[in-house]
Amino acid sequence: MASVTLHGIGKSFGDTEVLSQVDLEVADREFLVFVGPSGCGKSTLLRIIAGLEEASGGDVLIGGQRVNDRSPRDREIAMVFQDYALYPHMTVEENMSFGLRLRGLPQGEIRARVSQAAGILQIMPLLKRTPRQLSGGQRQRVAIGRAIVRKPKVFLFDEPLSNLDAKLREEMRVEIAKLHQKLRTTVIYVTHDQIEAMTLANRIAILNKGRLQQVGAPEEVFGQPANTFVAGFIGSPTMNFVDGAIEANGTGAIFRAKTLCLNIPGDAAAHGASVILGIRPDHVWVSALEEGQAAQGIVADVEVVELLGSKKNLHLLIGDTRLLASVDASIPVRAGDSVSVRLKTGAIRLFDKASGNRL
Amino acid sequence: MVERRAPNLRGLVIHGLILFACLVCVFPLLRIFSVSLRPGDRIISTDLALIPAGASFAAYGKVLKQTNFLLWLWNSLVITVTTSIIGVSLASTAAYAFSRFRFPGSKLGLALLLGTQMIPAGMLILPLFLMIMRLHLTNTYLGMVIAYSVSSLPFSIWILKGYYDTIPRSLEEAALVDGTDHFGAFLRIVLPLSMPALSIAFLFNFTQAWNEYLVARVILTNSLMYTWPLGLFGLQGQYLTQWGMFSASALLVTIPVLGVFLYSSKWLISGLTLGGVKG
């Protein structure tokens, strides 16, 4: 077991900077997930930790030891690759024992470790098969098994589930969570799937354009996003953003957009500031307008209704402001209806328009 | 119950054409075999019988007893096997460097290697001879091995580089993480997966060196160092060509090549890397 520390990690390919000044501390036995859109540098960062890529600047420490100059084999890490990377000319057993044989472990111990890992991953009957005789899910299990047998200090997972179908992905997600509970080893996991990140991580590190945007527990990055990027990236459906300004209202404050005016909590310290209001679709409350009944809250037109099973997404139009509401499927609303809309004021997040940072 | 399919015309035509092509390929061999069995007085007979009247293996006996055939064969084997092993070893490592590492001049190097293939073989004979002569390696195995290795190296490098490019790098990276170094990953992962391309490169080197005549003619002047093509040429006299012995020798020299081909064929299978990574 070991902690992983990154100090000012940077990486450039020619003139293209893919990582800039990444500072991060991954605690011993922690499950940290790097998440971000394609090309944000998360896989490059993982490969730098693994030693498969050289950082242009900064230090990588594993267990407090600087490992920049150590080859991957000397970093006591194990890695599960996105494309499994199983050795096609070896059986499952040979694949799993490859690293142990290289390290010259006694045959008895190799057999014991392989059996133990195969038992955990339920791949005992597959040991004599070659990778081409396995399904995608089985190959992924073998790839994980090959990492487990090494008993490394740190596990690195590079989008391990992205090649699996949705159902299998869900199953393997649970398997990986169970595995971490059982092994209690430091895990650094890369994904672009924010559901994977939210369900697996102790902490999530969100990257964009090579820069760390926020590091925190799943609840924290979901509830208290550091900026509009994090707010928009984490959570599905994505957060609503409305441009506007803060105005003083007695001792309180008002958010005023073109076609929207809301009392918001807090003082008017930031009055006059151009801001972006963020509200998650779950926190946009919608009720059908009864005929002849005066509207409570804001009146909106329903443009599109997307039924998702127990929930439905309503695409609302308030003047020229668009909002997405995620509501219970039983609410009787159809496209073209007018509805009453209220926002959960406690869930409103305000961001500075210029920097995008949360106020 | 499996329904028996009626023979279709397209299949019949294709099979007919394949059969015809096979006959065209095999016919000269059968004729050589037939000539090698003929008694001396019927060598230029136009008889088409595969086993001629008065057939005997006398020509084979004469070749083995009255000429240096076995010595020529030994010389050829030593030069060819050494050339093939050295050629494939050099090509496999050079191709790996070209495939996996970016270094100054890598593209130019590949282009130059390809460029050497554009030069007619005849043009290289004189420079090769001069180099070998200045190295005092005429009439030596080493001289022949150097001459043959360098001439087949560019093609082998290109074949192997192309094959390595299809092997996912993540396999080597997995090996690096598992505990090996770059050379170990090359030896344990890349080479075993490249057996089809290595076999092709080996066969190319082998057949090139085995059948080569012109370079050998220039470099080897001592008859004890002759390879079989040079020795065989000696059977062709100004007034009389020993067609029976010539044919018998021609058939005998195909045996090693046939053996190498048959042995290599088990490696010439496609899809060795299937299943290793997500396809």
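We name chains A, B, ... by the order of the sequence lines, and we start the count at 1 in each one.
- Using a 4.5 Å cut-off between heavy atoms, Ile77(A) touches chain B through backbone and side chain atoms alike.
- Both the backbone and the side chain of Arg188(B) come within contact range of chain A, with heavy atoms under 4.5 Å apart.
- Using a 4.5 Å cut-off between heavy atoms, Arg47(A) touches chain B through its side chain atoms alone.
- Contact count against chain B (heavy-atom pairs under 4.5 Å) is highest for Gly99(A) among Gly51(A), Ala147(A), Gly99(A).
- For the atom pair CG of Leu160(B) and OG1 of Thr93(B), the computed distance is 9.5 Å after rounding to the nearest 0.5 Å.
- Put simply, the side chain of Val257(B) does not reach to within 4.5 Å of the side chain of Leu203(B), judged on heavy atoms.
- Phe206(B) contributes atom CZ, which lies 13.5 Å from atom OG of Ser199(B) (distance to the nearest 0.5 angstrom).
- Listed options Met79(A), Gln140(A), Arg103(A), Arg73(A) were ranked by heavy-atom pairs under 4.5 angstrom with chain B; first place goes to Arg73(A).
- A salt bridge (Lys or Arg N to Asp or Glu O under 4.0 Å) with Glu93(A) holds for exactly one of Lys128(A), Arg129(A), Arg113(A); it is Lys128(A).
- Remark: Ser135(A) pairs with Gln138(A) by the side-chain hydrogen bond (donor to acceptor under 3.5 Å, both in side chains) rule, at least two apart or across chains.
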